[in-house]
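Quantities reported herein were computed from a predicted structural model and do not represent experimental measurements. Numbering of residues begins at 1 and proceeds along the displayed sequence.
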Amino acid sequence: MGSISATKTSAIQDIFSRDKAVIGVIHCEAFPGAPKYNGKAFGDIVERALRDAENYIAGGVHGLIVENHGDIPFSKPEDIGPETAAFMAVITDNIRQRFSVPLGINVLANAAIPALATALACGADFVRVNQWANAYIANEGFVEGAAAKALRYRNQLQANHIRVFADSHVKHGSHAIVADRSVAELTRDVEFFEADAVIATGQRTGDSATLSEIDDIRSATSLPLLVGSGVTPDNVATILGRTQGVIVASALKEGGVWWNPVERERVVKFMAAARPALEA
């Protein structure tokens, strides 16, 4: 594979001080202003996130991503109010002060600029951006790649230490616009547009990318590769054998349902299944 962009050090090694990492997702409850917000005190929303973080960390994960997943249905980036970044920053700063682990930010849907502002304010290490290059039709409608604006904004903030983890062939949408281009080519676009790590996903939350798609993405980029949905104790060792990390949530929640609290015993079981691949 020829050079696509300037050589980078491994974002996984730089952030997590290890070759492979397991990252748990904090699915925040609905924030004030979101359709599902029911008047719950914001302090209680923070406490729920802290309990989930504690169970993840006690169970052995290596880092966390904080998401506004309770804000369904998600708005397009230009329709997200400043309150979302403020709520995310407060929650993540509380987590950072209590737990000494690497942290990431994902503001849905595809809100790279609010995510970068949040990450800088709370001392997070990276952001996840689902559509970084090209465009697709998502649940929210037409969604364009965020790279050009986001990288300029990051530089304006003098926040180039915050890494970008970007999805390839992102879930929850149709890629008909770029259907004449292979997953490998789309992955090369993500690297060409200066992402620091690539994430493979399935079709929706909780749905795993196929091994063939993981291999296609792996063959197309020299960046660290993670799988960002559908990872379970049954497949984690196989996936980690092909990648540098996994991002996991649903399998570690009570009943295996994403909106439920994190169950520590599930985290312990998951990490036990992952350990042989992590230590290989």
Side-chain angles (χ1 to χ4, degrees), residues 1 8-27 52-65 67 99-104 106 125-126 128 163-171 183-184 187 190-191 195-253 256 258 262-280:
M1 181 178 62
K8 299 175 182 286
T9 59
S10 168
I12 296 298
Q13 182 63 240
D14 291 348
I15 294 171
F16 298 92
S17 300
R18 55 183 306 115
D19 294 329
K20 298 176 184 283
V22 175
I23 306 170
V25 183
I26 304 290
H27 287 142
D52 280 354
E54 181 177 13
N55 285 325
Y56 274 132
I57 300 307
V61 305
H62 307 118
L64 301 169
I65 294 179
E67 289 186 356
F99 306 102
S100 180
V101 296
L103 295 172
N106 187 14
D125 303 279
F126 65 99
R128 179 179 182 178
R163 303 296 188 91
V164 174
F165 288 26
D167 292 38
S168 177
H169 214 227
V170 60
K171 61 189 177 183
V183 171
T187 301
V190 170
E191 179 172 348
D196 298 290
V198 179
I199 302 170
T201 69
Q203 292 297 313
R204 64 195 61 84
T205 299
D207 181 44
S208 180
T210 65
L211 294 181
S212 62
E213 183 164 308
I214 293 169
D215 290 344
D216 284 347
I217 294 173
R218 174 69 290 161
S219 68
T221 180
S222 60
L223 296 176
L225 173 62
L226 303 92
V227 170
S229 66
V231 187
T232 70
D234 294 331
N235 64 17
V236 63
T238 299
I239 289 173
L240 282 173
R242 286 168 155 83
T243 68
Q244 285 68 56
V246 295
I247 299 169
V248 61
S250 299
L252 308 185
K253 302 294 192 74
W258 72 261
V262 174
E263 186 176 323
R264 188 175 303 188
E265 292 76 12
R266 282 177 174 261
V267 183
V268 171
K269 179 181 178 181
F270 183 92
M271 293 305 297
R275 192 163 295 114
L278 290 168
E279 296 176 352

Side chain to side chain donor-acceptor pair (under 3.5 Å) contacts touching residues 267-280 (sequence neighbours left out): none
Are the side chains of Q13 and Q244 in touch, meaning some heavy atoms are under 4.5 Å apart? no
To the closest 0.5 Å, what do you measure between CD1 (I12) and CZ (F126)? 7.5 Å
Heavy-atom side-chain contact between K8 and L223 under 4.5 Å: yes
Residue pair L240 / K20: nearest heavy atoms and the distance that separates them: O-NZ, 2.6 Å
Run the ring-ring contact (aromatic ring centres under 6.0 Å, His included) test against F270 and tell me which residues pass, sequence neighbours left out. none
K253: what forms a side-chain hydrogen bond (donor to acceptor under 3.5 Å, both in side chains) with it, not counting sequence neighbours? H27
Hey, could you give me the CD1/CG distance between I247 and N106, rounded to the nearest 0.5 Å? 8.5 Å
Look up atom CD1 in I23 and atom CZ in F16, then write down how far apart they are to the nearest 0.5 Å. 3.5 Å
Do H169 and D216 come close enough that some side-chain heavy atom pair is under 4.5 Å? no
Donor-acceptor contacts under 3.5 Å from residues 53-65 side chains, at least two apart:
unit_1: N55; atom_1: OD1; unit_2: R264; atom_2: NE; d: 2.9
unit_1: N55; atom_1: OD1; unit_2: R264; atom_2: NH2; d: 3.1
unit_1: N55; atom_1: ND2; unit_2: R51; atom_2: O; d: 3.3
unit_1: N55; atom_1: ND2; unit_2: V262; atom_2: O; d: 3.2
unit_1: Y56; atom_1: OH; unit_2: V25; atom_2: N; d: 3.4
unit_1: Y56; atom_1: OH; unit_2: V25; atom_2: O; d: 2.7
unit_1: H62; atom_1: ND1; unit_2: V22; atom_2: N; d: 2.9

Here the gap from S168 atom OG to L225 atom CG, rounded to the nearest 0.5 Å, amounts to 9.0 Å
Rounded to the nearest 0.5 Å, how far does OG1 of T187 lie from CG of D167? 10.5 Å
Holding to salt bridge (charged side-chain N to carboxylate O under 4.0 Å, His left out), I want the full list of residues that pass it with E263, two or more places apart in sequence or in another chain. R266
CD1 (I217) and CG (L226) are apart, to the nearest 0.5 Å, by 11.0 Å
For A184 versus A220, what's the shortest heavy-atom pair and its separation? O-CB, 3.4 Å
With sequence neighbours left out, the residues meeting salt bridge (charged side-chain N to carboxylate O under 4.0 Å, His left out) with D215 are R242
